[in-house]
Structures are given as C-alpha cells and as structure tokens.
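Here's the structure, in structure tokens; my notes come after.
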Amino acid sequence: MSTSRPPSITTGSRPYHDHAPLTPSGLRQSRTISSSSASDGIAGDPAGPSTRLDPSNDDETTETTSLLHNERVHEGPCGHGTFSPRVSSPPPRAGSADVESRSTADSDGSVPSSEMQLKGNWKKTFTNKVKSKKMTDSSTLAQQHGVEDSWGMYLSYYIPFLIWIRQYRWSWLKGDFTAAVTIASMYLPMALSYADNLAHVPAINGLYAFAINPFVYALLGSCPLMVVGPEAAGSLLIGSIIKNSIDLGRGDDDNAVLQAEVAGVAVGLAGATVFLMGVFRLGFLDSVLSRPFLRGFISAIGVVIFIDQLIPVLGLNRAAKASTGISHGSTVQKLEFVLTHLGDRHELTALVGIVGFVVIMVLREIKRRLQPRYPGVAYFPDRLIVVVLSAVLAWSLDWEQGGVPLLGKVEAASGHVFTFRNPFKLSHMTHIRDAMGTSFLIGMLGFFESSVAAKSLGGEEIIEGMQLSPNRELVALGAANLVGACFMAIPAFGGYGRSKVNKSTGGKSPMSSIMLSIITVICVLFLLPCFYYLPKPVLSALIMAVAWSLIEEAPHDVSFFIRIKGWIELSLMAVILAVTVFFSLNLGIAIGIGLSLLQVIRHSTRPRIQILGRVPNSDRFANAEEHPEDLEFVEGCLIVKIPEPLTFANTGELKNRLRRLELYGTSNVHPALPRLRPQTSNKNVIFDIHGVTSIDGSGTQVLEEIVRNYRDRGVRVFFSRPVSRQNQVWQLMERSGIVELVGGKHRFVDDVKDALRMTEVEDFEETGACAAASDELS
C-alpha cells in the first residue's frame, strides 16, 4: 500500500522537502526557510546565527530587513565600513614580511641591533602594560583620527583643574569673585550655626568645611559651577553620632575636644567611603535610591531640624537641660516639650528669635518674587544683613546681660586653628566603631544630593572638555572630606541652592570655590572676634529657614504621586517620615534604604517573559497577555519572548513563570488552577531572545536546564533573533551544550516566522516518516 506524496516544491534554487504541503496552514504559513535552517552541516555556514530570507523578498520591509539593504556605493569589492567608501587595501604579496622587516632599517641600509630596539621600545612596552583596555582602545582610535594621545590627556581627565585652568579667562575673574563674596556672606553664618546647633562641635569647625573642602573639590571635581559646603542633613547626623557617644559614656556635653575628634572621625569615615566608591567605579549607585526615598528623608530631616531649633529660638534651653531626656530625645518628645513649656520661655530670647525668623522669611520671599524681573536681587545679602544687624544690636543693647545666649568666643578646641589630627589613629578605634554606620549614610546622602545638584547645573557649555562623571565626583567629594576630616571639619558636599547662587551671581568656573576658601581662611585668621556677639536665636532662625525650604518642596511631589496614583511611593515617604519623627533619624534612614533596596531587588529579580500571539493577517507577533482576544495563537506552539539579559538575579523564577505559561497561557493567574492549555499546545517551544544581549554563568546554567527538560519531554526548542556568533551569549550557549541540545545551529533562526515554518516542516517530516513506516509494515 503506497501513499501519494505531493511533488517537490522549489523556491529559488533550493528544493523543499518532497513532503511539504501544497497549501500552507492558516497559522503556520509555509514559506521559504532560511538556508541556515535546512541543515546544520551545510558548508560555508555564515558568521551570524542564520542567513537572511530569499532575496526576492528584499523589497518587503520587515523586522529582518537590513537597514541599508545591499546597495553598493562603488564598483568592485566593498570591504570597508558602511558610511565611508575607501580604496580597498591591496592583497598581501609574497615577501611582504621581508619588506616590513627591511622598513626598520636605517637610511644607510644598516639594521638597528636588538639592544637598540629594546632601548627605544621599553617606554612603549611599559605604557601598554600600565594602560587599561579602554585606554588602549582610545589610543588606537586617536591614532586613526590623527589626535595626539598622551598621558597628559588622561591625567587632565582625572584632575579637571588641568583642564579649566588652561581655559581660564581674566574676564571671568570679576564674576567668580563676586559669586565667592556673595556665597561667603550668605553661608558662612550658616556654617557657624550648623556646627554649633546641629553638629554640636565648636563653631569654627563649620568654617573649616568652607576653608578646605571647596578648594580640594575645585581641583578634582567635574562640575565647574558646584560649590561644596556643610549641609543641614550631614551636620544633624554628626550631632546624632556625638550624642550617641555621650550617651555611651565616652564624654560629656562640655568636652569640646572630644566632640571635635568624634566629628573628625565620622567625617573621615564618610570621606573614605565615598572615595573608595569612586575608585571602584560605583557611581551608578546614585540611581539605587528612589526619588520618594530622598524626598521622604529630606522632608523628615526638615521636620526634625525645625522642631529641634524651636527650643533655642523660643529660649527654652535652660528648661530643656533641666528636663531629663529632652536634649537627646526623639522629635515627638521635643515637640511635646515645646508645647507644654511655652510658659517657661525667655521673653527677650523668644522675641529676638521669632523676629529674626520672620524677617529672614519675608526677605527670602521678596527676593524670590523680584528675582525674575530684577536678576540683580540675587546679589542682595539678606542673611548677612540680618546676622550683622542682630550682632550690632546685641553689642549695643547688651543682650548678653539680658539673658540672650550669644555665640561667644569662636576658637578651636585645641587652641590653635587648622590643627592637623589623623582621624584614623588606633586610639580612635572606639569612635570608629560607633560612627561606622552613620558615617556611611552621611557619605551616601551627601553624594546623592551632590549628584542631583551636579546634573541640574551641567557646565560643559562654559569649559570645554569637563565632562560630568559620577565616579570622579565620588573621588572629588571623598578626597575633600578626607582632607577636611584631618582638621576636624564638619561634612561638606554639593548643594543645589548654594551652587545656584554661585551661577546666578556670576560664577563661571571652579575659581569661585577657590576664592571662597581664601575668604574663609581670612575670616578664620583675622575675623573670629567679630563673631562673638552673634545671637544664637538668630543663628537657629537661619537653620529653621533652611528646614522650612526642605519641607516646602514635599507637597509638589506628594500631589504628583497622588495624581498618578503612586501609592507605593507615597507609602515609602510616609513610613520614612513617621519613623524618623517618632523614633530616630538613624532608624528612619535604615528603614528607608532597606525598603528602597527591596524594591530594586524585587524589580531586578522578576523575569519579564511574555507569551506571544500572531497579529491576524500579518507576520507580526505581540504580547498575548495584554489583548488576547485580538491575537491568534499558533496551534502546537508556545512562543515565549525574553526581553532582557539573563543573570543570576532574574533567572531564579524563570522556570516557574515558564511553567505557568505552559499550563495557563498567562502568568497572571493563581497556580491553584488546573491545567488550561492542553499538552499538545506545547509541542514546540520558540524562544524570542532578541533582548538577551548578555548572559552570565548562572543564567546560562538555568537556560540549559530548561532546554534539557524540554528535550527530555520530547518538545522541540527553537531560538529566534539571537545575537551574532561573535557575541558572548552565543559562545556561552555553545560551550554549555544548549546549541547541541536543541539540535544544532539551524534551530537558531532570524525571526519567529522562520521558526514556525521549521516546526511545520518537521511536523510533515514526522508525518511522512510515520506513513512510510506504516507502508513498510503493511
């Protein structure tokens, strides 16, 4: 008994199998199969995963249509790049090696000795050994384009001072000086207040942060307009470390030397952490913590600072010292104390503090409204005027005798200004252990705030060649704080508000930071006696104004997340704020970072595989889980798209999600349901791996186990749109045996439709083989 077979179908010059159908099926349309899919052993196998479709279809634009087709720019061989036609190099001739060897001969025909060649090439050899691969590739590219490649170029990249100092113009000097004077008049009083009221260290340590850190950052920083200096958040964290040290019995509230040393240790640890992060190229971490975390944390700090400063502003310092646990208590405890002890306030102190706060806020609002129409208002030193005026009034009206606390004598704890202290001495090991965790947070928070400021400012349009780099920012900020820690300065990082003032008042280059450091050094050496009569309530009012600015930015973000229904983001902000206010700042930071990292891990470990369906009357495929009613499912085939690189992080759940796709056709169902897809629907599995641009060892192992499991169950496996065979992904798939498991290289095709045609061909092959076997048996 014989079975009739259809005649052989030929397409182009290559015959189809003699059992191919005359009329293709509705879903798996039988078309020309790529030459690579015919057999794994065809001679002259191309370098890519598979060859293209029949040239007769080149006019049809599809996903597999090449970008530039195959047009030739000129006659003859075309072995050069895509865009720039060049004369092709002549083929190598016999004896070319001799010609090259003779090219090293001298003009008189003598060949230099090997010793002379070694002497001439040792520098080049040493340079090649020292350079990284990226630097070596850059050198090659520079030579191809006729650009001078030298060590000075790389040194200038890592020390930007060498770039901007060459381009500095004398016309910039006026603007830089004006900006430096403006910043000094506005922020030096703030530095004194941060050190005395928040960090609980001698006030001069706040000036050290402006005398040292901006100078170091100007040499190494990659953002020319950013000005580093002490910030409220970092100063508050230093104060929490000092309070914790006192609570542990390391000293008392009046030991200024100990407090300065603890601050130096904490800042040194923060600087070392940030510096090492830059050395090990961890600048990408500025994207780890989410915007809701930063906004929630900054708002929480604003609330903590505002409530904390109510005590000195209202003249409740004496009552707070008399009450046990208030000075080192939580924010809620301090707020409760303020509300219940308003009758114990010092009248004159409260009057000075409240009036100072109101004047500062009114002037701030006037400047904000006038600056768009009158840009020169930015030069108006409103804070300096308030501070100077209050000091004059304190001196002339003898507020000190009236009970108003003054800043007093500003001096170094050691008795000498700019005293060098090594923060990493073995005798400081106890302080190092106490400050380790919080110092890490100081460094991370400072880097995040600096990163936001640097990205907002830019600066490449002013100084050519200065490119913003997160890694170099880490190195610059870390080095600045390491140097500052040696003089017990409080932490200093970049701030957007301060840097914006620098830009708006004429700053053009890092020279404004250097001038700011010089002005601060002059103040430390010659003007310290002038700070004696600064009223502490006014300094606290300055800090309250800063805290208010931190809080007032939150409503905009809250309203935005409410509008987009971002409940997760709002919950994160609320948790951080509540924990910080009701418990402690450190616990709020820890929980916020923990929740943010959990979000990152959850996002990165979740595989995003999709089941694909065919768009009717087309060769396009789309995600079947979004609109399943608009797509056609291919009978006997499970088409799975993997749109991302495979790593150890996102392959852990890959098997489970694939199993759900097999059973239910979607991953958005509960696994308690019984099987909804018949077993025959998974006879062929096609992986669209166009998005798998990289894969690690763990991902390769999981993929190999998945493929092996399918093959053991008799399921055919195909891969569509793979990377080129020069890519690491292909090499790992070959070494791991995946290519051999699926049946050879011909099962790696250019598109999903090619894989579908192969499944149909192999179905008919099996049908034909079964028919032939039945004929023989009959």
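These numbers come from the heavy atoms of this one structure, side chains and all, not from hydrogens, waters or symmetry mates. If you're wondering where the values come from, they're calculated on a predicted model, not measured in any experiment.
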**Residue pairs passing the ring pair (Phe, Tyr, Trp, His ring centres under 6.0 Å) test where at least one lies in residues 677-699, sequence neighbours excluded** = F687-F719
**Prompt:** Just how far is it from atom CD1 of I576 to atom CZ of F297, taken to the nearest 0.5 Å?
**Reply:** 8.5 Å
**Message:** If you define the side chain from C-beta out and look only at heavy atoms, does anything of Q728 sit under 4.5 Å from L732?
**Reply:** yes
**Request:** Taking the side chain as every heavy atom from C-beta outward, state whether K683 and E635 have any atom pair closer than 4.5 Å.
**Result:** no
**Message:** Using modelled atom types and a 3.5 Å cut-off, is there a donor and acceptor pairing between side-chain atoms of S499 and backbone atoms of M226?
**Reply:** no
**Item:** Taking every non-hydrogen atom, the tightest pair across E473 and C223
**Value:** OE2-N, 3.5 Å
**Request:** Indicate the atoms forming the closest heavy-atom contact of R713 with R659, along with that distance.
**Result:** NH2-NH1, 4.2 Å
**Straight-line distance of F447 CZ to M277 CE, nearest 0.5 Å** = 6.0 Å
**Request:** Report yes if some heavy atom in the side chain of V739 is under 4.5 Å from a heavy atom in the side chain of W730; otherwise report no.
**Result:** yes
**Prompt:** At what distance, to the nearest 0.5 angstrom, does OG of S720 lie from CG of L612?
**Reply:** 8.0 Å
**Asked** Checking side chain to side chain contact (heavy atoms under 4.5 Å, CB included) for the pair E569/R295: CA distance, chi angles, key distance, verdict?
**Response** CA-CA 10 Å; E569 290 78 7; R295 174 53 54 213; over 6 Å; no
**Request:** Given side chain to side chain contact (heavy atoms under 4.5 Å, CB included), test F493 with N481 step by step and report yes or no.
**Result:** CA-CA 8 Å; F493 291 92; N481 281 280; 3.6 Å; yes
**Prompt:** Is T273 reaching over with its side chain to a backbone N or O of L269, donor-acceptor style, under 3.5 angstrom?
**Reply:** yes
**Prompt:** What residues, two or more places apart in sequence or in another chain, satisfy side chain to side chain donor-acceptor pair (under 3.5 Å) together with N682?
**Reply:** R677
**Message:** Can you tell me how far apart OG (S156) and CD1 (I163) are? Round to the nearest 0.5 Å.
**Reply:** 5.5 Å
**Message:** Within the 4.5 Å heavy-atom criterion, are V634 and I686 side-chain neighbours or not?
**Reply:** no
**Item:** Q731 side chain vs Q726 backbone, donor-acceptor pair below 3.5 Å
**Value:** yes
**Item:** L646 backbone acceptor or donor facing N650 side chain under 3.5 Å
**Value:** no
**Prompt:** Looking only at atom types and distance, does a side-chain atom of T759 sit under 3.5 Å from a main-chain N or O of L756, one as donor and one as acceptor?
**Reply:** yes
**Request:** Look only at the side chain of N684 and the backbone of R716, and say whether a donor-acceptor pair between them is shorter than 3.5 Å.
**Result:** no
**side chain to side chain contact (heavy atoms under 4.5 Å, CB included) between Q599 and I568, intermediate numbers included** = CA-CA 10 Å; Q599 281 187 310; I568 295 178; 3.0 Å; yes
**Request:** List the steps and the verdict of side chain to side chain donor-acceptor pair (under 3.5 Å) for R660 and N656.
**Result:** CA-CA 6 Å; R660 289 195 189 184; N656 293 335; over 6 Å; no
**Prompt:** Taking it one step at a time, do V692 and V723 satisfy side chain to side chain contact (heavy atoms under 4.5 Å, CB included)?
**Reply:** CA-CA 8 Å; V692 185; V723 296; over 6 Å; no
**Prompt:** Should the heavy atoms of other residues, nucleotides or ligands under 6.0 Å from CZ of F284 be counted, would the total exceed 12?
**Reply:** yes
**Asked** Is it true that a side-chain atom of R472 and a backbone atom of S222 form a donor plus acceptor pair closer than 3.5 Å?
**Response** no
**Request:** Would you name the heavy atoms of A270 and S439 that are closest together and state the gap between them?
**Result:** CB-O, 3.4 Å
**Message:** Would the distance check show the side chain of Y664 and the main-chain N or O of L673 forming a donor-acceptor pair, the cut-off being under 3.5 Å?
**Reply:** yes
**Item:** Side chains of I609 and L658 in contact at under 4.5 Å (non-hydrogen atoms)
**Value:** yes
**Request:** Kindly compute the distance separating CG (L572) from CG (L595), expressed to the nearest 0.5 Å.
**Result:** 5.5 Å
**Message:** Check this for me: R675, atom CZ, are more than 12 non-hydrogen atoms of other residues, nucleotides or ligands nearer than 6.0 Å?
**Reply:** yes
**Request:** Return the minimal non-hydrogen interatomic distance between A622 and V615, and the atom names on each side.
**Result:** CB-CG2, 4.4 Å
**Message:** Check whether R614 reaches the backbone of S618 with its side chain - one donor and one acceptor, N or O, closer than 3.5 Å.
**Reply:** yes
**Distance, nearest 0.5 Å, that separates CG of L474 from CG of L276** = 10.5 Å
**Message:** By the side-chain hydrogen bond (donor to acceptor under 3.5 Å, both in side chains) test, which pairs, at least two apart or in different chains, include something from residues 691-707?
**Reply:** K655-E705, E704-R708
**Asked** With a 4.0 Å cut-off, would you call K745 and E734 a salt bridge?
**Response** yes
**Complete:** Closest heavy-atom pair, P616 versus E632, reported as atoms and distance to 0.1 Å, is CB-OE2, 3.7 Å
